[in-house]
Structure formats: structure tokens, C-alpha cells
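Taking it in order: structure first as C-alpha cells, then the write-up.
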There are 4 protein chains.
Amino acid sequence: MLIQIREEDVTPVYLQVINQVREQIASGKLKPGERLPSVRELARFLDINVNTVQKSYQGLKQMGLLVIRPARGAIVSHKAPDVLGSAQNERLLKEALVRVMKEARRLGFDKDAVLRLLRDIEAS
Amino acid sequence: MLIQIREEDVTPVYLQVINQVREQIASGKLKPGERLPSVRELARFLDINVNTVQKSYQGLKQMGLLVIRPARGAIVSHKAPDVLGSAQNERLLKEALVRVMKEARRLGFDKDAVLRLLRDIEAS
Amino acid sequence: MLIQIREEDVTPVYLQVINQVREQIASGKLKPGERLPSVRELARFLDINVNTVQKSYQGLKQMGLLVIRPARGAIVSHKAPDVLGSAQNERLLKEALVRVMKEARRLGFDKDAVLRLLRDIEAS
Amino acid sequence: MLIQIREEDVTPVYLQVINQVREQIASGKLKPGERLPSVRELARFLDINVNTVQKSYQGLKQMGLLVIRPARGAIVSHKAPDVLGSAQNERLLKEALVRVMKEARRLGFDKDAVLRLLRDIEAS
DNA sequence: GTGGTCTAGACCACA
DNA sequence: GTGGTCTAGACCACG
């Protein structure tokens, strides 16, 4: 499991961890049932605080992506694929898009302009 | 100038003010040269602290949307239209869209799905 | 005497008046002995507060450029030419230059770069 | 990081801090990636309010000289050298020089006189 | 009256 | 511990 913390990124460290784990599950690099490194292990590896990793894992558990078994470590939930494609996520994404549209209008762009910009964006 | 603070919104108050003023300039409700309420006036009206309004006005000044003249009040800058339609804003919006696309991919959506969702969003 | 207040300029109004009067004396447009408009007259003409003009005239008097005769108006002092070319002014200018040099160093420019830039400036 | 506040200086305290930090980055005493003292630490050391230091750091962030990461401290941005040598700064300096030249003309000096004075100034 | 600066003290999320 | 936000109250120069 390859994770890296960007020092210059203003995103909270615990969110950087959550996002990258979520991405790896979505892309299939992490599969249901697969074991994640222990909290202490990952904290040591990333050189961040144990509490921070703890918070990330709890967040992922809350989303239903991780199953945490005390004293036995954390594994990717078998329900993870459902969670990632769920209607709830569509709602989350919709909210994010609404926020961007509001921002766009503030900056003086209409929906068509946004759609055009979005189409031009790399799939990077 | 109609502004309202949403207590339940997590967005910092000073940003709510900035966003709403920005929106009103973008939509033409506030025109270049028009005078804004004094910091004290607006603070009293919104029932927030003077320093908070001050922070908002300073932010808007920084963006080039306001011209603030000590002891004479603040007016919408005549350069505001340029600022709002500038190439710099296109870059800002692009960055926001890239962030949303990353988020979408994490949630298991591809670009076409995002485009479809965006088209369905109200122009509210 | 042609004076105009720039609304968008952040320079205090009373200083805008002082500077323009000083300029007109330096350039010869206002000559020693010549009468200036009364405080009330100028205030009405520029649409600014009487106190502001009063402050400007007092400042000019302080510099030795104006002689104010109560109830009879203000005239350009016959000593004005001496004041404008004096050693005291050289000191003032030197201080302004020192401030600019400090600013330049902060922005990453050395003295040679500043001299080059200054030479390139229009004599506008 | 050595900073000192001059009580007798009319320059606002938060600007004194900004200027000195900027100077130290320009002169290489503070290098990209280097960590600055926390707002509380610096406030205690300079015996000024935390909010004042906060204002300074926010200003430096705005200029692109600092990267501030909540709960992780502030570091000199890796883009700081670009910011300090940029064309935008040349414009800023040019504007300052134009202002000084106007002032000089008001005081009765021409450009050659100014150049001569500038050359004589210590590089202090 | 106006905006600008500063202090003191508080609460928050994050590490 | 860190930075970010907000309040209350003060003083200043300027109009």
C-alpha cells in the first residue's frame, strides 16, 4: 500500500490518508479482505502521529470501507465496492458539484463554460 | 445590499460575507463605483463583530474588487469586472474542477458520469 | 488654480491638496504673492470638507509655502522658492529614497537594479 | 530568526514583521522549506499579540512567501525565490520610484539630481 | 462619522 | 502543541 503525505499540501494529514486509501480501493489496488498495515506501522512509515492514522482508519470504518478488528488489524470491507458505487456517493458528488457551480457563478462563469472547462480537463 | 449569515453553515462568517458580495458584484447587483455600507454599519446589521467585517472587506480589497479609502468608505472597484472575468479566475475554477474530478474518481465515478451529473444540476 | 481630487486614490485628501499646490508653486503656475481661493471656496469647488482644506492650508503654511492672513485669505509666500530648493528638502528626498531602497532590497533588487529602473522611468 | 519591533516607528507592527521576514528570505537567511516560529512563540518573543503575528503570517502567505499548514506550522514556500524576483515586483518597485520622482519634482529636483542622491545613499 | 491597528481572551479542528 | 476564527473593546488619523 503506497501512501505519501505532501508536506506542502494544506489538506489535513488524516484526510490525505483517507483519500489515498479510498482511491486505492476504488481503483482495485486494495481488494476486499486485504489487510492494511497496523496503525503504528503506518504512522512510523509515514512519519506522522499515531493519533492521526487512528483518525483516518476510524473515518474509513465510518464510511464502511474498513473493518477494524481489535488486536487483529484492519481489512478492506467486503462491502467496500457497494459503498463506492452507492447512491449516497452520487449525492455527495452532486453536493460537491453544486459547490463548484456556486463558486463558478461567483467568478463570473455560467454552466456551459464550466462544462466546457470540465471536458478539457485531463483524466489524470 | 442584501447579505445574510447562516449560523449553521460551517463556512467562516467572513467568507460568507466575501462570497455574497462577490456574487452581487458578478451578478451586477453591485456596480463599480457603488458605495458599500461602512464596516460598523454592516457589522451592526449582521450582528457580527466589526473586525470580522473588516476582514471580509480586506479580502475583497485584496482580490481587487473593492477600493477602500480610510475615513471615506469602500466602493466597488472600477476594475472589478476585469477581475471577475479574468484568466486567473479560469485557472482557479479549473483547479476546483480538478479537485472535484479527483474526488469523483475516489467515489468510483468517471468523467462522463460527472458531466452527466453536472448537466442535471439546477442553475439555482 | 486647478486641483482635482482622485476618489480612487488612497492618499488622504488633505495631502492630495497639499501636493498639488506644492507642485503648482514649484512649476511656477502659482507665483509668490498670488492669492489662493478661500478655504470655503475651495472646499465647495472640490466638494470636500472645509476642515480638510483648512488642514491642507495649515500644512502648507507650516512648510513656509503659504502666508495665511486671517480674514484676508492666503497668499503664496515670497520665501516659497527658497523653501522649495532648500537643503531641508534634500534631506526629505533622501529619506524617501532610503525608504525605496529598503523596499527594493525586500523585493530582491540591489542598488544597481534600482538605478537602472529609475533611469528608464518617463519624466512624465 | 531575528526580528525586532521598533516602538517608535510609525509602521504598523504587523508590517514591521512582514518586512523583516521578507528581507530575511530575500537575503537567504531564511531558506525555502525552513520552518518559522509558531504564531504564539513569535508573539511571546516579540511581546506583541498573537493576532498581530497571525496577520503578518497571513500577509506573507498571500504574497506566496509562506506556506501555512494548520496544526503543522508555517514554512518558507519553495516558490519564494520566484516570487521575490518576479516581474510583478519589478512593477511594484517601478510604481514606488514613480511616486518618489513625483515627490522630487514637487520639491524642485530633476531626475539627474535624484539619480545623484540615490547613488550617494548607503547600501545599509 | 470613516477605516486601520492592536490587545486580550476565547473556542475550534487538527497533529 | 498548531493555526483559524471570532468577539469585545480600545486608540488612532482622517473627513
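Below, read A as the first sequence line, B as the second, and so on, with proteins coming before strands; counting in each chain starts at 1. In this text, all values refer to a predicted model and were calculated from it rather than measured experimentally. Scope of the values below: all heavy atoms of this structure, side chains included, with no hydrogens, waters or symmetry mates.
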- Task: In whole angstrom, give the distance that lies between atom CD1 of Ile18(B) and atom P of dC6(F).
- Result: 10 Å
- Verify, without hydrogens or angle tests, whether Arg6(C) (side chain) and Asp9(C) (backbone) share a donor-acceptor contact under 3.5 angstrom. no
- Whole angstrom value for the distance that separates P of dC6(E) from CD of Glu7(D): 10 Å
- Task: Calculate the interatomic distance between Ile68(D) atom CD1 and dG4(F) atom C1'; express it in whole Å.
- Result: 10 Å
- Should stems be defined as at least three consecutive Watson-Crick or G-U pairs with both distances under 3.5 angstrom, which of them involve DNA chain F? E:1-14 with F:1-14
- Task: Mind calculating the distance between CD (Gln58(B)) and P (dT5(E)) to the nearest angstrom?
- Result: 7 Å
- Gap between atoms CG and C1', on Leu46(D) and dC6(E) respectively (whole Å): 14 Å
Mind listing the N/O atom pairs, protein and nucleotides 10-14 of chain F, below 3.5 Å?
| residue | atom | partner | partner atom | Å |
| --- | --- | --- | --- | --- |
| dC14(F) | OP1 | Tyr14(C) | OH | 3.4 |

- Message: In whole Å, I'd like the distance from the CG atom of Leu66(B) to the C1' atom of dG3(E).
- Response: 12 Å
- Query: Which whole-number value in Å describes the distance from Arg44(B) CZ to dT7(F) C1'?
  - Reply: 17 Å
- Item | Pairwise distance CE(Met63(C)) to CG(Leu92(C)) - rounded to 0.5 angstrom | 9.0 Å
- Looking at Ser38(B), does any N or O in its side chain come under 4.0 Å of the phosphate oxygens OP1/OP2 on dG1(E)? no
- By salt bridge (Lys or Arg N to Asp or Glu O under 4.0 Å), Glu41(B) pairs with (sequence neighbours left out) none
- Task: Sort out for me which residue in Ile75(A), Leu60(A), Leu30(A) forms a side chain to side chain contact (heavy atoms under 4.5 Å, CB included) with Leu66(A).
- Result: Leu60(A)
- Query: Out of curiosity, Ile18(D) CD1 to Leu65(D) CG, how far, rounded to the nearest 0.5 Å?
  - Reply: 9.5 Å
- Query: Which sits closer to the 5' end of DNA chain E, Asp47(D) or Thr52(A), going by the nucleotide each is nearest to?
  - Reply: Asp47(D)
- Item | Pair Arg91(A) + Glu95(A): basic N to acidic O under 4.0 Å | yes
- All heavy atoms of Arg106(B) vs all of Leu84(A), minimum pair found to be O-CD2, 3.3 Å
- Reckon Ile48(C) touches a base, only the sugar-phosphate, or nothing at all at heavy-atom distances under 4.0 Å? nothing
- Message: I want to confirm an ordering. Mapping Tyr57(D) and Thr11(C) to their closest nucleotides on DNA chain F, which one lands closer to the 5' end?
- Response: Tyr57(D)
- Message: Tell me whether Glu103(A) is salt-bridged to Arg22(B), with the criterion being a basic N under 4.0 Å from an acidic carboxylate O.
- Response: yes
- Would you indicate what Gln54(B) reaches in the nucleic acid, counting non-hydrogen atoms under 4.0 angstrom: base, sugar-phosphate, or nothing? base
- Message: Any salt bridge linking Glu7(A) with Arg69(D)? Criterion: basic side-chain nitrogen under 4.0 Å from a carboxylate oxygen.
- Response: yes
- Message: If I take atom CG in residue Asn49(A) and atom P in nucleotide dA15(E), what distance separates them, rounded to the nearest angstrom?
- Response: 9 Å
